[in-house]
Amino acid sequence: MKHICEFFSIKYPIIQGGMGNISNASLAAAVSNAGGLGTIGCGTMNPEQVETIILETKEKTNNTFALNIPINVSPYTDELINLVFKHDIPIVSLSAGNPAPYIPLLHKKNIKVIAIVASVKHAQKAQDAGADVLVAEGFEAAGINSNLELTTFTLIPQISKNVTVPVFAAGGIGNGQGLAAALMLGASGVQLGTRLIATKEAPFHPSYKQKLLKAIDNDTCILGRSVGQVRRVLKDPYTVKVLDLEKKGLSPVDYREMTSEEHHINGAIHGDVKNGFMNSGQVAGLIDDIPTVKELLDGMMNDAKKQMEDKLNSLSMTFTQM
C-alpha cells in the first residue's frame with residue numbers, strides 16, 4: 001500500500017473513476033485534496049472542454065490528478081494525449097479499448113499509465129503492453145461494463161494472482177469494509193465512482209444524490225444486453241423505457257443514441273429521469289449519507305483498519321480455542 005501511494009504521490013490508495021461527460025474539476029480536486037487520486041474523465045468531450053476542466057482543476061488543487069481517456073468512446077483520443085503532454089499530467093488511465101499503442105508514447109514523457117481491465121486475459125495483455133497499474137472492474141460497477149459480467153469478489157484474486165503490477169479493485173466498493181475486503185483479495189487499493197456522487201462537493205443534481213440515499217440492493221439495472229453493450233444504471237422511467245424497447249428489438253444504433261452522454265447529462269446534471277439516466281453501481285444500496293470527500297476517504301481508511309484489526313483478533317481467538 002505504501003509503495004502505490006508513493007508511486008502516485010497520494011496519501012490514500014483510493015482513486016476516482018472517470019465519469020464521462022459529467023466529469024468536473026470540483027470533484028476531481030476534492031478527491032486529490034483529500035488524499036486520493038482525483039481523475040478527470042474525458043468521455044466524448046472535445047479537447048477544448050477537457051482543457052477547461054484541466055485548468056480549473058489545477059486552480060483548485062496542487063496535488064496529483066489523472067486524466068481518463070476512453071479510447072474507443074472518444075473521437076479525440078490523439079488530441080487528448082497531446083493535452084496530457086501540454087499540461088504535464090503525470091498519470092493517465094486508459095479504458096474502453098486497447099491501451100498498447102499509447103503506453104510507449106506516455107512512458108516516453110515519464111507519464112504513469114493505469115489500464116482498466118475486466119478479465120485475467122485483458123489484465124495480462126495490459127501488463128505485457130507496459131501498464132504500470134491495473135484497475136480491475138467487476139460487474140457491480142456503474143456505467144459501461146464488460147459483457148463478461150465477472151464480479152469483483154472473484155475477479156480481483158484471479159487477476160492479482162496472474163500479474164505482477166499493482167491492481168486496484170473497482171465495482172461495489174464504497175466504504176471501509178469494501179476497502180478492507182479488496183486489500184484482502186490482493187488489491188493494492190480501490191477505485192470509487194458511485195460513492196463519490198453522494199458527496200457534498202459533487203456538483204450533480206440533488207435528486208441523483210437522493211436516489212442513491214434511498215436505493216436498496218436491487219435498485220440498479222443493466223441496459224444493453226440485447227445489443228452487447230451493457231451499462232449499469234439506476235432504475236427510473238427512462239431506463240424502464242429503454243429496457244422495454246430492447247425487448248421489442250431496439251437496434252444497436254438506437255441504443256447508442258438513447259444511452260449517449262447527452263442523456264447521461266440529462267439525468268445526472270439536470271435530474272430529468274424522463275429523458276435521461278443516472279449511472280450507478282450496486283454499491284448504491286450501501287450509501288446512507290452525503291459526507292464531504294475528505295470525510296469519506298478518512299472514514300474509509302479508519303474503518304478499513306478497524307475491520308482488519310477486529311477480524312484478525314477474532315480469527316486469533318478462534319485458533320487459540322482449537
Side-chain angles (χ1 to χ4, degrees), residues 17-23 41 43-45 70-75 95-97 116-119 121-122 136-155 170-174 193-195 197-198 204-287:
M19 293 180 173
N21 290 38
I22 67 167
S23 192
T44 60
M45 289 186 284
I71 297 165
N72 291 334
V73 172
S74 173
S95 59
I116 315 300
V117 299
S119 73
K121 181 180 178 180
H122 294 155
E137 188 171 70
F139 188 58
E140 300 93 328
I144 297 173
N145 261 313
S146 167
N147 295 334
L148 298 174
E149 302 194 11
L150 300 175
T151 64
T152 302
F153 208 83
T154 57
L155 184 65
I173 301 165
T194 302
R195 187 60 187 91
I197 299 293
F204 306 118
H205 198 277
S207 67
Y208 193 175
K209 299 183 183 185
Q210 288 302 311
K211 282 176 73 70
L212 291 174
L213 283 180
K214 295 176 181 178
I216 59 174
D217 55 358
N218 64 344
D219 274 342
T220 68
C221 63
I222 294 293
L223 304 180
R225 277 199 180 102
S226 66
V227 295
Q229 298 172 24
V230 300
R231 176 189 289 268
R232 188 177 294 280
V233 297
L234 283 171
K235 293 176 182 176
D236 63 34
Y238 187 78
T239 58
V240 169
K241 175 183 175 181
V242 175
L243 285 170
D244 287 342
L245 288 172
E246 280 194 68
K247 293 175 183 177
K248 297 174 183 177
L250 185 66
S251 72
V253 172
D254 288 340
Y255 171 79
R256 284 193 293 273
E257 192 285 321
M258 293 191 74
T259 56
S260 69
E261 285 300 316
E262 178 184 352
H263 293 291
H264 185 196
I265 290 170
N266 283 345
I269 304 298
H270 304 306
D272 183 357
V273 294
K274 292 184 178 180
N275 297 290
F277 60 89
M278 300 172 177
N279 285 336
S280 175
Q282 289 182 323
V283 73
L286 295 172
I287 296 173

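The first residue in the sequence is number 1, and the count goes up from there. Below, each value reflects all heavy atoms present in this structure, side chains not excepted, and no hydrogens, waters or symmetry copies.
At distances below 3.5 Å, not a single donor-acceptor pair connects side-chain atoms of Glu137 with backbone N or O atoms of Val117. Here the side chain of Thr220 pairs no donor or acceptor atom with the backbone of Ser280 at under 3.5 angstrom. Under the 3.5 Å distance criterion, the side-chain polar atoms of Asn266 are left unmatched by any main-chain donor or acceptor of Asp272. With hydrogens and angles ignored, the 3.5 Å screen pairs no side-chain donor or acceptor of Lys241 with any backbone N or O of Lys274.
Counting all heavy atoms, side chain and backbone alike, Gly271 lies closest to Ser207 at CA-OG, 3.6 Å. Summarising the geometry of Phe139 relative to Asn145, their closest heavy-atom pair is O-ND2, 3.6 Å, with the distance given to 0.1 Å. The nearest pair of heavy atoms linking Ile22 to His264 is CD1-NE2, 3.7 Å. Summarising the geometry of Gln229 relative to Pro252, their closest heavy-atom pair is NE2-CB, 4.5 Å, with the distance given to 0.1 Å. Closest heavy-atom contact between Gly276 and Asp236: O-OD2, 3.8 Å. Here the shortest heavy-atom pairing between Ile116 and Ser95 reads CG1-CB, 3.5 Å.
Taken to the nearest 0.5 Å, the CD1 atom of Ile216 stands 12.5 Å off from the CD atom of Gln282. The structure places CZ of Arg232 at 9.5 Å from OG1 of Thr194, a figure rounded to the nearest 0.5 Å.
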Between Asn279 and Ile197, does a side-chain contact (heavy atoms from CB on, under 4.5 Å) hold up when you go through it step by step?
CA-CA 10 Å; Asn279 285 336; Ile197 299 293; over 6 Å; no
Tell me, with the steps shown, if Ser119 and Leu148 meet side-chain contact (heavy atoms from CB on, under 4.5 Å).
CA-CA 8 Å; Ser119 73; Leu148 298 174; 3.6 Å; yes
From CA spacing to verdict: side-chain contact (heavy atoms from CB on, under 4.5 Å), Met278, Leu234:
CA-CA 6 Å; Met278 300 172 177; Leu234 283 171; 4.0 Å; yes
Criterion side chain to side chain donor-acceptor pair (under 3.5 Å) on His263 and Asn275, from CA distance to verdict:
CA-CA 6 Å; His263 293 291; Asn275 297 290; over 6 Å; no
Just do the side chain to side chain donor-acceptor pair (under 3.5 Å) check on Thr259 and Arg231 with the steps written out, would you?
CA-CA 9 Å; Thr259 56; Arg231 176 189 289 268; 4.6 Å; no
Candidate pair Ile173 and Arg195, rule side-chain contact (heavy atoms from CB on, under 4.5 Å), full reasoning:
CA-CA 8 Å; Ile173 301 165; Arg195 187 60 187 91; over 6 Å; no
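Between Val230 and Ile144 there is no side-chain heavy-atom pair separated by less than 4.5 Å. Using a 4.5 Å heavy-atom cutoff, the side chains of Leu245 and Val242 are not in contact. A heavy-atom distance below 4.5 Å is found between the side chains of Thr151 and Glu140. Side-chain atoms of Phe204 and His270, non-hydrogen and from C-beta on, never get closer than 4.5 Å to each other. By the 4.5 Å heavy-atom criterion applied to side chains, Val73 and Glu261 are not counted as neighbours. Taking 4.5 Å as the limit, some side-chain heavy atom of Cys221 sits within range of a side-chain heavy atom of Val233. Between Leu250 and Met258 there is a side-chain heavy-atom pair separated by less than 4.5 Å. A heavy-atom distance below 4.5 Å is not found between the side chains of Ser226 and Lys247.
Other residues, nucleotides and ligands contribute over 12 non-hydrogen atoms within 6.0 Å of the NE2 atom of His205.
Looking at Arg225 and Glu149, a side-chain N of the basic residue comes within less than 4.0 Å of a carboxylate O on the acidic one, giving a salt bridge.
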